[in-house]
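Since the structure comes first, as structure tokens, the remarks are kept for the end.
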Amino acid sequence: MDSFTIRRSDRLPALAATLTDSAGAAYNLTGDTVKLSMRELGATINKIDNATVTVVSATAGTVSYAWTAADTATTGLYYLEFEVTSSGSLERTFGNPDFVLVHVTPALG
């Protein structure tokens with residue numbers, strides 16, 4: 001996943017992603033925990049900081065995040081990343097090498 005677009009104040013669709021290794025294969029998340037952080041471009045403080053992500057299929061590397069009202073309350077461009085922590089407390093970050101770009105667009109109403 002390179003980018004995701006959602007309207008201001010929308011909470012659907014949920015953010016769904018497949019985490020992959022450097023060869024493009026699904027990353028096995030068995031026994032791992034996944035967190036998500038998101039920061040507006042140019043900002044220094046995260047809008048979302050280490051939010052819990054649902055692992056949909058550990059072996060397929062698929063995850064899902066349910067937006068909160070605060071997550072999409074402000075229009076703008078945001079960098080997003082997933083941080084995976086293994087059962088041995090080792091961490092690995094996805095999108096890698098680039099962030100996922102989230103665009104929260106204005107709503108008409």
Nearest-0.5 Å distance, [atom1] of residue [X] to [atom2] of residue [Y]:
X   : Y   : atom1 : atom2 : result
S86 : E91 : OG    : CD    : 8.5 Å
L36 : T54 : CG    : OG1   : 11.0 Å
I48 : E81 : CD1   : CD    : 11.5 Å
T62 : L19 : OG1   : CG    : 8.5 Å
K47 : Y78 : NZ    : OH    : 4.5 Å
M38 : L15 : CE    : CG    : 9.5 Å

What are the two closest heavy atoms between [X] and [Y], and how far apart are they?
X   : Y    : answer
V84 : V34  : CG2-CG2, 4.0 Å
A14 : S64  : CB-OG, 3.8 Å
R39 : N46  : NE-OD1, 2.8 Å
R7  : V104 : C-CG1, 4.2 Å
D32 : N28  : OD2-O, 3.7 Å

Exercise. So, does T18 use its side chain to make a donor-acceptor pair with the main chain of G61 at under 3.5 Å?
Worked result: no

For this session: Please check if V55 and V100 belong to a single hydrophobic cluster, counting links between Ile, Leu, Val, Met, Phe, Trp and Tyr side chain heavy atoms closer than 4.5 Å.
Result: yes

Exercise. Between T75 and R8, do the side chains contain an N or O donor and an N or O acceptor separated by less than 3.5 Å?
Worked result: no

Exercise. Any chance the side chains of K35 and T85 put a donor and an acceptor closer than 3.5 Å?
Worked result: no

Problem set entry | L41 atom CG, neighbour heavy-atom count above 12 within 6.0 Å | yes

Problem set entry | Aromatic ring proximity, centroids under 6.0 angstrom, F94 and F82 | no

Problem set entry | Member of Y65, W67, Y79, F99 meeting the ring-ring contact (aromatic ring centres under 6.0 Å, His included) criterion with F4 | W67

